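Here is the structure we will look at.
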Amino acid sequence: MIVKIPHTLAVFPISIVQKITELSARQIRYYEEQGLIAPGRNKGNQRIFSLQDIERLLEIKSLIDQGVNIAGIHAIYSKKKKDNNIEGK
DNA sequence: TTTCTCACA
DNA sequence: TGTGAGTA
């Protein structure tokens, strides 16, 4: 049987995200603090990331590598939202 | 053991 | 950003 898993389903702890994105837990938490990502929380107040969160983190990572700062990334994401609105209509 | 928050280098 | 302290 084939089961479709939504990328929005958050189930990964920060240790897994750390390995996949190659970012430090410090950076991941910092980017969340800056509003770049919005992972959920489990009962123990621990962050739970979805595939979408991980993909966003990978994109942020590449941007940081290119020398883009938090403000710059914010600008890029707000622009994307705009583009989506345009193409979405 | 692992993750969390907070504070300091 | 990294790291240590004290928790849950």
Side-chain angles (χ1 to χ4, degrees):
Chain A
M1 106 197 248
I2 298 175
V3 179
K4 294 175 183 174
I5 301 176
H7 289 198
T8 48
L9 180 59
V11 292
F12 310 106
I14 200 168
S15 59
I16 300 298
V17 182
Q18 235 183 133
K19 293 185 179 181
I20 299 177
T21 65
E22 294 182 273
L23 289 170
S24 65
R26 183 75 178 74
Q27 289 176 293
I28 297 171
R29 295 181 188 121
Y30 179 66
Y31 299 153
E32 178 200 3
E33 192 177 285
Q34 300 309 306
L36 266 33
I37 54 176
R41 294 284 182 148
N42 61 20
K43 201 169 187 179
N45 189 45
Q46 296 181 206
R47 272 165 272 251
I48 48 178
F49 301 78
S50 67
L51 285 176
Q52 283 203 332
D53 293 324
I54 294 176
E55 285 169 16
R56 188 193 274 301
L57 248 357
L58 287 173
E59 199 175 328
I60 293 172
K61 185 197 166 194
S62 72
L63 256 30
I64 293 294
D65 283 337
Q66 295 171 52
V68 183
N69 55 43
I70 302 297
I73 297 177
H74 266 122
I76 293 175
Y77 279 122
S78 57
K79 182 181 187 305
K80 270 194 175 181
K81 185 178 179 182
K82 216 179 219 175
D83 291 341
N84 287 331
N85 286 333
I86 295 174
E87 288 192 53
K89 291 182 181 178

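Order of the sequence lines fixes the chain letters, A, B, ..., with proteins taken first and strands second; residue numbering starts at 1 for each chain. Remember, predicted model here, so these are calculated numbers, not experimental data.
- Using a 4.0 Å cut-off, some side-chain N or O of A:Tyr31 falls inside it from OP1 or OP2 of C:dT1.
- The residue among A:Arg26 and A:Asn45 whose nearest nucleotide of DNA chain B lies closer to the 5′ end is A:Asn45.
- With C:dT1, C:dG2, B:dC4 as the choices, the nucleotide that has an atom nearest any side-chain atom of A:Ser24 turns out to be C:dG2.
- Following rounding to the nearest Å, A:Ile28 (CD1) and B:dT5 (P) show an atom-to-atom distance of 13 Å.
- A:Ser62 and A:Glu59 share no donor-acceptor pair across their side chains, judged by distance under 3.5 Å alone.
- Looking at the side chain of A:Gln27, the nearest of the listed nucleotides B:dT5, C:dT1, C:dG2 is C:dT1.
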TODO: Check step by step if side chain to side chain contact (heavy atoms under 4.5 Å, CB included) holds for A:Asp53 and A:Val17.
DONE: CA-CA 9 Å; A:Asp53 293 324; A:Val17 182; over 6 Å; no
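- Contact of the A:Phe12 side chain with the A:Leu51 side chain is registered, since non-hydrogen atoms from C-beta on lie closer than 4.5 Å.
- In this structure, CD of A:Gln34 is placed 10 Å from P of C:dT1, rounded to the nearest angstrom.
- Distance CD (A:Gln46) to C1' (B:dT5): 13 Å, rounded to an integer number of Å.
- Counting to the nearest Å, the C1' atom of C:dA8 and the CG atom of A:Asn42 are 11 Å from each other.
- Closest to the side chain of A:Pro13, from the set B:dT3, B:dT5, C:dT1, is B:dT3.
- Classification of A:Glu32 and A:Arg56 as a salt-bridged pair fails, no side-chain N sitting under 4.0 Å from a carboxylate O.
- For DNA chain C, each stem of at least three Watson-Crick or G-U pairs (distances under 3.5 Å) is given as range with range: B:4-9 with C:1-6.
- Look at OH on A:Tyr30: it is 18 Å from C1' on B:dC4, rounded to the nearest Å.
- Residues A:Arg47 and A:Arg29 have side chains in contact (heavy-atom distance under 4.5 Å, counting atoms from C-beta outward).
- For A:Ile70 and C:dT1, the CD1 to P distance is 7 Å, given to the nearest whole Å.
- Contact between A:Phe49 and A:Ile14 at its shortest, heavy atoms only, is CE1-CA, 3.8 Å.
- A sub-4.0 Å separation between OP1 or OP2 of B:dT5 and a side-chain N or O of A:Arg47 is present.
- In this structure the side chain of A:Ile48 never reaches within 4.5 angstrom of the side chain of A:Val11, judged on heavy atoms.
- Rounded to an integer number of Å, the gap from A:Gln18 CD to B:dT3 P is 7 Å.
- Taking atom CG of residue A:Leu36 and atom P of nucleotide C:dT1, one finds them 11 Å apart after rounding to whole Å.
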